[in-house]
Amino acid sequence: IASYICEDCLIVPSKAKTKEEVIAELVDLLVQKGKICDANTVYEDVMKRETSVSTGLEKGIAIPNARSECVNGIVLACTLCPAGIDFQALDNKPSKLIFLIVSGTKESGPHLQLLAAIAKKMHDQSILDKALKATDAKALYRIIRQ
C-alpha cells in the first residue's frame with residue numbers, strides 16, 4: 001500500500017453524503033493531482049464496476065475500484081467519511097473509510113494484489129480503529145503507511 005498512497009491523495013474528512021459523491025470527490029482529487037487524465041471516463045468506469053458487485057466490505061471499509069484506459073499503472077486515493085456512506089457492505093453497515101483504486105487495463109495482477117493488501121491491513125482492528133479516528137490527512141497517511 002505504501003508504494004501507491006501519497007499524502008496529497010487523501011481527504012479527511014470527506015463532505016460526500018452518497019456513494020456517487022464520494023467516488024466523484026476521489027476521482028476529482030486524482031485529476032487535480034495529475035494521476036488520471038479524464039474524470040468523466042474514470043468515474044463512469046468505477047460506477048459501472050459498482051453496479052456489478054458491491055465494493056463495501058465489513059467494519060466500515062469500502063474499496064471502489066476499476067480498470068481504465070485513463071490511467072497508467074495504478075493510482076490510489078482514500079477518504080474518511082465520519083457519518084458513513086452506504087456501499088451495500090457485507091455487514092450492512094455504512095462505510096467510513098473509502099479507498100479508490102484505479103488501474104490501467106493491463107494491471108490485473110497488481111490491481112488484485114493492492115485490493116488484497118488493503119483488505120488485509122484494515123482487517124487488523126487496531127490499525128482500523130486508528131484510521132477511523134484520524135483527524136486529518138497527515139494522520140491517516142501515517143496510519144496507512146505503518
Side-chain angles (χ1 to χ4, degrees), residues 1-16 18-82 84-85 87-90 94-146:
I1 301 170
S3 59
Y4 294 105
I5 194 74
C6 11
E7 189 175 338
D8 61 350
C9 289
L10 296 157
I11 300 171
V12 178
S14 171
K15 294 182 173 119
T18 66
K19 178 192 326 190
E20 294 79 11
E21 287 176 2
V22 76
I23 290 171
E25 183 179 55
L26 291 171
V27 167
D28 288 344
L29 177 64
L30 289 172
V31 169
Q32 290 170 21
K33 301 303 176 185
K35 306 283 186 183
I36 58 177
C37 61
D38 181 1
N40 290 333
T41 300
V42 172
Y43 177 80
E44 288 173 14
D45 291 339
V46 174
M47 293 311 296
K48 182 179 177 186
R49 169 77 170 79
E50 282 295 313
T51 61
S52 67
V53 66
S54 170
T55 57
L57 304 180
E58 297 173 315
K59 299 182 179 182
I61 300 165
I63 311 176
N65 65 93
R67 291 187 180 88
S68 179
E69 297 287 337
C70 294
V71 63
N72 291 319
I74 300 176
V75 295
L76 176 63
C78 180
T79 190
L80 186 58
C81 302
I85 292 179
F87 266 86
Q88 295 82 41
L90 298 172
S95 299
K96 296 181 177 187
L97 188 59
I98 292 104
F99 293 87
L100 174 67
I101 301 171
V102 185
S103 63
T105 55
K106 296 178 171 93
E107 300 290 337
S108 67
H111 183 103
L112 295 173
Q113 290 169 347
L114 181 56
L115 271 165
I118 292 169
K120 182 179 179 185
K121 184 172 204 99
M122 293 302 130
H123 187 70
D124 181 324
Q125 194 63 49
S126 66
I127 293 173
L128 179 58
D129 288 345
K130 288 177 194 172
L132 291 172
K133 292 176 185 169
T135 56
D136 58 33
K138 190 172 282 204
L140 184 56
Y141 177 73
R142 282 192 308 268
I143 294 160
I144 291 170
R145 287 191 50 103
Q146 69 173 314

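The two residues Ala134 and Leu80 have their closest heavy-atom pair at O-CD2, 3.4 Å. Across every non-hydrogen atom of Thr135 and Val12, the tightest pair is C-CG1, 3.7 Å. When all heavy atoms are compared, the tightest approach of Ile143 to Ile127 is CG2-O, 3.8 Å. Heavy atoms only, all atoms of each residue included: Ser14 and Ala16 are closest at OG-N, 3.0 Å. When all heavy atoms of Ser95 and Gly56 are compared, the closest pair comes out as OG-CA, 4.4 Å. Counting all heavy atoms, side chain and backbone alike, Cys78 lies closest to Ile144 at SG-CD1, 3.9 Å.
Side-chain contact between Phe99 and Pro64 is absent, with no heavy-atom pair separated by less than 4.5 Å. Taking 4.5 Å as the limit, every side-chain heavy atom of Ile85 sits out of range of all side-chain heavy atoms of Pro94.
To the nearest 0.5 angstrom, Lys33 atom NZ is 9.0 Å from Cys6 atom SG. To the nearest 0.5 Å, atoms CD1 (Ile36) and CG (Leu29) are separated by 9.0 Å. The distance from atom CG of Leu140 to atom CG of Leu97, rounded to the nearest 0.5 Å, is 6.0 Å. With values rounded to the nearest 0.5 angstrom, Leu128 atom CG is found 11.5 Å from Lys130 atom NZ. Atom NE2 in His123 sits 9.5 Å away from atom CD1 in Ile61 (nearest 0.5 Å). Taking CG of Leu10 as the start and CD of Glu7 as the end, the distance is 7.0 Å to the nearest 0.5 Å.
In this structure a side-chain-to-backbone donor-acceptor pair under 3.5 Å is present from Asn65 to Ile63. In this structure a side-chain-to-backbone donor-acceptor pair under 3.5 Å is missing from Arg67 to Ser103. The closest donor-acceptor contact from the side chain of Thr79 to the backbone of Ile98 lies at 3.5 Å or more, if one exists at all. Under a 3.5 Å cut-off, the side chain of Lys121 and the backbone N or O of Gln146 do form a donor-acceptor pair.
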*Determine, step by step, whether Ile118 and Leu76 satisfy the side-chain contact (heavy atoms from CB on, under 4.5 Å) criterion, reporting the C-alpha distance in whole Å, the side-chain angles of both residues, the deciding distance to 0.1 Å, and the verdict.*
CA-CA 11 Å; Ile118 292 169; Leu76 176 63; 3.9 Å; yes
*Kindly determine whether Phe87 and Val22 satisfy side-chain contact (heavy atoms from CB on, under 4.5 Å), including the steps that lead there.*
CA-CA 11 Å; Phe87 266 86; Val22 76; 3.7 Å; yes
*Intermediate values then yes/no, side-chain hydrogen bond (donor to acceptor under 3.5 Å, both in side chains), Thr55 and Glu50*: CA-CA 7 Å; Thr55 57; Glu50 282 295 313; 2.4 Å; yes
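Heavy atoms from other residues, nucleotides or ligands lying under 6.0 Å from CG of Asp8 number more than 12. Lys35 NZ: 12 or fewer foreign heavy atoms inside a 6.0 Å radius.
A salt bridge between Glu25 and Lys15 is absent, with no side-chain N of the basic residue lying under 4.0 Å from a carboxylate O of the acidic one.
The side chain to side chain contact (heavy atoms under 4.5 Å, CB included) test with Ser68 is passed by exactly one of Asp38, Val102, Val75, Val27: Val102.
Counted by atom type alone, Glu44 and Asn40 present zero donor-acceptor pairs between their side chains at under 3.5 Å.
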